[in-house]
Amino acid sequence: MHDPHAVNSLIETPGADPVEGQVRWSPMLSIWNGGMAGGAILLGPLTFSPGALIVFVLTTGATLLLGHSVGFHRRLIHRSFECPLWLERVLVWFGTIVGMSGPHGIIRTHDLRDWAQRQHSCHPYLSHRHPMLKDAWWQMHCRLELAHPPAFDLGRAGSDRVYRFLEATWMVQQLPVAALLFWAGGWGFVVWGVCARVAISVHGHWFVGHLAHTKGPQHWLVEGAGVQAHDVPWAGFVTMGEAWHNNHHAFPGSARIGLYPGQSDLGFVFIRLLEHVGLAWNVRTPATLPRRSELQPC
């Protein structure tokens, strides 16, 4: 039976160690993230228009909500609700065009960090313990190579033909989006709907993630975990609820992340809408999850 609190894809092999490892520069990742940011900075002012700004807001919001928050995080990684396979694949495609990774890469990256932070100690790359500039360079331009990594079993997602294709082509998936935007509004729509969107999504994800593991309000502590999570209140709305990260560490299998008054959670609102029309079921919340003995209120 699926454990809603477990790190789903990771297999803790004998000797697996989250501490010892080397951070190495990734040319491909650096060119991708640097290129998107450079394109937005250099070409954004030259191609700005009210229409381009609307495209930026709508495409960023749609990909973060449907893709990153609901498709990747709450469905594919944590399986916090059930839905038809066709819908899952659509949501995962939206997650892919956020521009951070393919579906297999995002599962491995997330679950490695999740597992490592539950240990008594882990590599600074996995805990965001270094100052901001160094952490930004590491997270967006480098990869961590652990000396003794765990293994992964991606299960159905690993053998899914659609996800294997998206994993192999996750960067290329921006091309049909760019072509549609160019047809609709020319280069301004492409720059703001692709370059600026990907750049703000990647950099925003790192920035909120850095803060969520270093400082901010807490309602819960996970005993034995070397890294505790914090909420980032100002980012609750723009992250679709993902910034209530202390809640998420406490109840990782919950489809609802914003738990308290004033904590907006558009991701959960969307899942409830799917449930209302019969496209989601078995929606997990803290009230339906088994108790965690290691969870303590602050």
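The structure presented is a predicted model; accordingly, all values stated were derived computationally and were not measured. The figures that follow rest on heavy atoms only: side chains count, while hydrogens, waters and symmetry mates do not. Residue numbers run from 1 in the order of the sequence given.
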Checklist entry - Taking the side chain as C-beta and beyond, is there a heavy-atom pair between F270 and S69 under 4.5 Å? => result no

Checklist entry - At what distance, to the nearest 0.5 angstrom, does CD of E20 lie from SG of C122? => result 14.0 Å

Checklist entry - Between E167 and G105, is there a donor-acceptor pair closer than 3.5 Å when you use the side chain of the first and the backbone of the second? => result yes

Next on the checklist: When you group the ILVMFWY residues by side-chain heavy-atom contacts below 4.5 Å and let the links chain together, are M171 and V162 in the same group?
Outcome noted: yes

Item to check | Aromatic plane relationship, H219 with Y260 - under 30° parallel, 30 to 60° tilted, over 60° perpendicular | outcome: parallel

Checklist entry - Got a donor-acceptor contact below 3.5 angstrom from the D153 side chain to the S9 backbone? => result no

Item to check | Residues E275, R272: salt bridge by 4.0 Å N-O rule | outcome: yes

Checklist outcome for this item: Between the CG atom in L259 and the CG atom in N246, the distance rounded to the nearest 0.5 Å is 9.5 Å

Next on the checklist: Please check: side-chain N/O of D111 versus main-chain N/O of V7, any donor-acceptor pairing under 3.5 Å?
Outcome noted: no

Next on the checklist: I'd like to know if the side chain of H249 reaches the main chain of H245, judged simply by a donor and an acceptor atom lying under 3.5 Å from each other, with no hydrogens or angles considered.
Outcome noted: no

Checklist entry - What's the verdict on side-chain contact (heavy atoms from CB on, under 4.5 Å) for T239 and L64, showing C-alpha distance, side-chain angles and the deciding distance? => result CA-CA 7 Å; T239 61; L64 290 179; over 6 Å; no

Checklist entry - Counting only heavy atoms not in L85, do more than 12 sit closer than 6.0 Å to its CG atom? => result yes

Checklist entry - Taking the side chain as C-beta and beyond, is there a heavy-atom pair between L154 and R108 under 4.5 Å? => result yes

Checklist entry - So, for P18 and A116, which heavy atoms are closest and what is the spacing to 0.1 Å? => result CB-CB, 3.7 Å

Item to check | Test item: side-chain donor near acceptor, R197 and Q174, under 3.5 Å | outcome: yes

Item to check | Closest heavy-atom pair and its distance - V191, G39 | outcome: CG1-O, 4.1 Å

Checklist entry - Is any side-chain heavy atom of D265 closer than 4.5 Å to a side-chain heavy atom of V269? => result no

Next on the checklist: Please evaluate residues E242 and H205 with respect to the criterion side-chain contact (heavy atoms from CB on, under 4.5 Å), reporting the C-alpha separation (whole Å), side-chain torsions for both, the decisive distance (0.1 Å), and the verdict.
Outcome noted: CA-CA 10 Å; E242 298 291 331; H205 180 265; over 6 Å; no

Item to check | Exam field: side chain N8 to backbone I77, donor-acceptor pair closer than 3.5 Å | outcome: yes

Item to check | side-chain contact (heavy atoms from CB on, under 4.5 Å) between C83 and R75, worked out | outcome: CA-CA 9 Å; C83 69; R75 172 57 200 155; 4.2 Å; yes

Checklist outcome for this item: Here the gap from S49 atom OG to W192 atom CH2, rounded to the nearest 0.5 Å, amounts to 9.0 Å

Next on the checklist: Check this for me: does any side-chain nitrogen of one of R156 and E88 sit under 4.0 Å from a carboxylate oxygen of the other?
Outcome noted: yes

Checklist entry - Has the side chain of T109 got a donor or acceptor atom that lies under 3.5 Å from a matching backbone atom of I106? => result no

Checklist entry - Going from CZ on R74 to NE2 on H248, what distance comes out if it is rounded to the nearest 0.5 angstrom? => result 9.0 Å

Next on the checklist: For residues F72 and F165: do they belong to one hydrophobic cluster (side chain heavy atoms under 4.5 Å, members Ile, Leu, Val, Met, Phe, Trp, Tyr)?
Outcome noted: yes

Checklist entry - Do the side chain of R256 and the main chain of V283 share a donor and acceptor less than 3.5 angstrom apart? => result no

Item to check | Sub-4.5 Å side-chain heavy-atom contact between L211 and M132 | outcome: yes

Next on the checklist: Could you walk me through whether R89 and V92 satisfy the side-chain contact (heavy atoms from CB on, under 4.5 Å) test, starting with their C-alpha distance in whole Å, then the side-chain angles of each, then the deciding distance to 0.1 Å, before giving a yes or no?
Outcome noted: CA-CA 5 Å; R89 286 172 170 169; V92 167; 5.6 Å; no

Item to check | is_close_aromatic(H78, H73), centroid dist under 6.0 Å | outcome: yes

Next on the checklist: Do W281 and P84 make a side-chain contact, defined as non-hydrogen atoms from C-beta onward lying under 4.5 Å apart?
Outcome noted: yes

Checklist entry - Is any side-chain heavy atom of W115 closer than 4.5 Å to a side-chain heavy atom of L126? => result no

Next on the checklist: Is there a path of hydrophobic side-chain contacts, each under 4.5 Å between heavy atoms, that joins L166 and V90?
Outcome noted: yes

Checklist entry - Can you tell me if CZ on R161 sees more than 12 non-hydrogen neighbours from other groups inside 6.0 Å? => result no

Checklist outcome for this item: Nearest heavy-atom contact between W25 and C142 is CA-SG, 3.9 Å

Next on the checklist: Check for me, please, whether L66 and W170 land in the same ILVMFWY cluster - side-chain distances under 4.5 Å, paths through other members count.
Outcome noted: yes

Next on the checklist: Quick one, F182 with W187, criterion ring pair (Phe, Tyr, Trp, His ring centres under 6.0 Å). Give me CA distance, side-chain angles, the key distance, then yes/no.
Outcome noted: CA-CA 6 Å; F182 182 79; W187 285 113; 5.0 Å; yes

Checklist entry - Which pair of non-hydrogen atoms, one from F189 and one from A52, has the smallest distance, and what is that distance? => result CE1-N, 3.6 Å

Checklist entry - Are R292 and E223 within salt-bridge range, i.e. N to O under 4.0 Å? => result no

Item to check | Whether R113 side chain and Y125 backbone form a donor-acceptor pair below 3.5 Å | outcome: yes

Item to check | Test item: R118 and V222 side chains (from C-beta on) under 4.5 Å apart, heavy atoms | outcome: no

Checklist entry - Can you tell me how far the CH2 atom of W137 sits from the NE2 atom of H130, to the nearest 0.5 Å? => result 15.0 Å

Checklist entry - Shared ILVMFWY cluster between V194 and F48, side chains joined below 4.5 angstrom? => result no

Item to check | Side chain H104, main chain A157, donor-acceptor under 3.5 Å | outcome: yes

Next on the checklist: Please check this pair: side chain of D17 against backbone of V19, looking for a donor-acceptor N/O pair closer than 3.5 Å.
Outcome noted: yes

Next on the checklist: Let me confirm one number: the CZ-CZ distance from R24 to R143, rounded to the nearest 0.5 Å.
Outcome noted: 14.0 Å

Checklist entry - Side chains of F268 and I257: does their closest heavy-atom pair fall under 4.5 Å? => result no

Item to check | Minimal non-hydrogen separation, G99 against W32, with atom names | outcome: O-NE1, 2.9 Å

Checklist entry - For C298 and Q218, which heavy atoms make the closest approach, and how far apart are they? => result SG-CB, 3.8 Å

